[in-house]
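Read through the structure below, which is laid out as structure tokens, and then see the notes.
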Amino acid sequence: MPGYPAPRHWRRVPVTGQHYLDLGSGRPVLFLHGNPSWSYVWRGLLHRLSPHARCLAPDLPGFGLSRHLRPADGVPDPYEAQLEGLDGLHRHLVRDAGLPERGWTFVLHDWGGPLGVAWALRNPGVVARLVVCNTVAFPFPDGFRLPSPLRWIRDHRPVAELVHATNAFARVAVRAGVHRPLLAAERRAYLRPYARRAERRAVTDAVRAIPRGPADPAWRLLEPAGAGADLADLPLLVGWGMRDPVFTPDLLEEWVRRHPHAVVHRFPDAGHFVMEDATAELGHHIRDFLQGAP
């Protein structure tokens, strides 16, 4: 897996078995990936930022090297299970790894955005800064439409099952999600955790769960209780790949509208995986953001 941190940086949460990377020292920075990626997507930023911070990059349950978590009894909601996974990770890092309970920076991408923001709102005071990269943490603005391939997977079970059987979503994402083509070995590394059909259910389920309205379980991640009340004044950095075919510049402008104080960096030659296409520039901006005044 080219560029992925060595096994000496690999950790697991004892209770859940959730896999995460742990590099560097200093104030904690938690990186939350999306779908169909895993902690491999952060490798370039981890190497650049670990001299300046304690960098922690988990694989969300069901993704990468983490196994699935069962929802709590009576709560058959997979996104409740994802939030419970973040609860367990935070408890482990505070109690067992000696990290501070508060003062964290969250770096969020794709599904990591709504999950990370919803968790932060549930745990006020833990997150001190936010970095968002091609994600949302609010309902899609009026007029926004998902690309038709995502709509077909989301709305038609036979299409979803075909995509699941062939791993087509992940295979397309590692090519269409970047402007600078990945090396063949890098593409293989992205796909490695999803080589077997049984290991890629979370990938398909995440596309099927893209929320359309309040009736969808994941909608509450986009409109959690008290949304905006506790995070509106946090320092916010936005790093956006302008060639993203899904998270378009219109969504960036919605971030700007909602957070006019945000520091915004647009990368015209970066796609959905902005951390791949603009690794050095984005890393410099995040480093400066971390070192700025709280």
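Residues Glu161 and Arg200 are not paired through a salt bridge, judged by the lack of any N-O separation under 4.0 Å between the basic side chain and the carboxylate. Taking a cutoff of 4.0 Å between a charged side-chain nitrogen and a carboxylate oxygen, Arg212 and Asp155 qualify as a salt bridge. Salt bridge Arg43/Glu186: present, at least one basic N to carboxylate O contact under 4.0 Å.
Inspection of the Asp59 and Ser39 side chains reveals an N or O donor paired with an N or O acceptor under 3.5 Å. Checking Trp10 against Asp22 by side-chain atom types alone, no donor-acceptor pair falls below 3.5 Å. Between Glu276 and Tyr190, the side chains place a donor N or O and an acceptor N or O closer than 3.5 Å (distance only, hydrogens not considered).
Note that CZ of Arg154 is 7.5 Å distant from CG of Asp216, once rounded to the nearest 0.5 Å. Atoms SG and CG, on Cys133 and Leu45 in that order, are 7.5 Å from each other to the nearest 0.5 Å. The CG atom of Leu46 sits 6.0 Å away from the CG atom of Leu21 when rounded to the nearest 0.5 Å. Rounding to the nearest 0.5 Å gives a distance of 10.0 Å between CG of Leu130 and CG of Leu237. Remark: Glu253 CD to Trp240 CH2 distance equals 9.5 Å, nearest 0.5 Å. Expressed to the nearest 0.5 Å, how far CG of Leu150 lies from CD1 of Ile153 amounts to 6.0 Å.
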Exercise. Can Glu101 and His90 be said to form a side chain to side chain contact (heavy atoms under 4.5 Å, CB included), step by step?
Worked result: CA-CA 8 Å; Glu101 184 176 358; His90 182 257; 4.0 Å; yes

Item to complete: Please assess His19 against Arg11 for the test side chain to side chain contact (heavy atoms under 4.5 Å, CB included), listing each intermediate value before the final yes or no.
Response: CA-CA 6 Å; His19 172 266; Arg11 305 284 188 275; over 6 Å; no

Exercise. Start with the C-alpha gap between Trp42 and Phe31, add the side-chain angles, then the distance that decides, and say whether ring pair (Phe, Tyr, Trp, His ring centres under 6.0 Å) holds.
Key: CA-CA 7 Å; Trp42 301 116; Phe31 296 78; 5.2 Å; yes

Exercise for review: Let me see the working for Arg122 and Glu80 under salt bridge (Lys or Arg N to Asp or Glu O under 4.0 Å), right down to the final yes or no.
Suggested key: CA-CA 12 Å; Arg122 284 187 173 196; Glu80 184 68 25; 2.8 Å; yes

Legend entry - Derivation of the side chain to side chain contact (heavy atoms under 4.5 Å, CB included) call for Leu252 and Val238: CA-CA 8 Å; Leu252 167 61; Val238 181; 3.6 Å; yes

Legend entry - Test side chain to side chain donor-acceptor pair (under 3.5 Å) applied to Asp110 and His272, step by step: CA-CA 9 Å; Asp110 194 272; His272 178 63; 3.0 Å; yes

### Task
Could you please spell out the steps behind the side chain to side chain contact (heavy atoms under 4.5 Å, CB included) verdict for Thr135 and Val117?
CA-CA 11 Å; Thr135 186; Val117 169; over 6 Å; no

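Put simply, the side chain of Val107 reaches to within 4.5 Å of the side chain of Val29, judged on heavy atoms. Within the 4.5 Å cutoff, the side chain of Arg188 has no heavy atoms near those of the Arg192 side chain. Contact check for Asn134 versus His109: side-chain heavy atoms found under the 4.5 Å cut-off. Residues Leu89 and Leu30 meet the side-chain proximity criterion, which asks for heavy atoms closer than 4.5 Å. The shortest distance between side-chain heavy atoms of Arg129 and Leu234 does not fall below 4.5 Å. Inter-residue side-chain proximity for Asp87 and Asn123 is flagged as met; some heavy-atom pair is nearer than 4.5 Å. The shortest side-chain heavy-atom distance between Pro28 and Thr105 does not fall under the 4.5 Å cut-off. In this structure, the side chains of Leu108 and Val131 stay at 4.5 Å or more apart for every pair of heavy atoms.
The one candidate from Tyr79, Phe106, Trp104 that meets the ring pair (Phe, Tyr, Trp, His ring centres under 6.0 Å) condition with Trp119 is Phe106.
At distances below 3.5 Å, not a single donor-acceptor pair connects side-chain atoms of Ser37 with backbone N or O atoms of His33. Using modelled atom types, no side-chain atom of Asp277 and backbone atom of Val178 make a donor-acceptor pair closer than 3.5 Å. Side-chain N or O atoms of Arg27 include one that pairs as donor or acceptor with a backbone N or O of Leu290 at under 3.5 Å. The backbone N or O of Gly26 sits nowhere less than 3.5 Å from a side-chain atom of Arg54 that would complete a donor-acceptor pair. Side chain of Arg67 to main chain of Gln18: no donor-acceptor pair is present (N/O by atom type, distance under 3.5 Å, no hydrogens or angles). Proximity of a side-chain donor or acceptor of Thr279 to a complementary backbone N or O of Met275 within less than 3.5 Å is detected.
Nearest heavy-atom pair across Val94 and Pro100 is CG2-O, 3.8 Å. Listed here is the closest heavy atom pair of Ala189 and Tyr40: CB-CZ, 3.5 Å. Between Arg102 and Pro124 the shortest heavy-atom distance is NH1-O, 3.7 Å. Shown here for Pro61 and Ser66, the closest heavy-atom pair between the two residues is CA-CB, 4.1 Å. Between His261 and Asp233, the closest heavy-atom pair is NE2-C, 4.3 Å. When every heavy atom of Ala137 is checked against every heavy atom of Gly113, the shortest pair comes out as CB-O, 4.2 Å.
Ring-centre distance between Tyr4 and Trp38: below the 6.0 Å cut-off. Aromatic ring centres of His285 and His265: separated by under 6.0 Å.
A continuous path of ILVMFWY side-chain contacts below 4.5 Å connects Trp152 to Phe144, so both sit in one hydrophobic cluster. Connection of Val15 to Leu65 is not established within any shared hydrophobic cluster, with ILVMFWY side chains joined at heavy-atom distances below 4.5 Å, either directly or through further cluster members. Note on Val136: it clusters hydrophobically with Val256, by side-chain heavy-atom contacts below 4.5 Å among ILVMFWY residues. Residue Val172 is not grouped with residue Leu162 when hydrophobic side chains (ILVMFWY) are merged at heavy-atom distances under 4.5 angstrom, including chains of intermediate members. No chain of hydrophobic side-chain contacts below 4.5 Å, direct or via other Ile, Leu, Val, Met, Phe, Trp or Tyr residues, connects Val263 to Val132.
With a 6.0 Å radius and a threshold of 12 heavy atoms from other residues, nucleotides or ligands, Arg258 has its CZ atom above the threshold.
The ring-ring contact (aromatic ring centres under 6.0 Å, His included) search around His92 returns Tyr20, not counting sequence neighbours.
Under the 30°/60° scheme for interplanar angles, the aromatic rings of Tyr194 and Phe63 are found to stand perpendicular.
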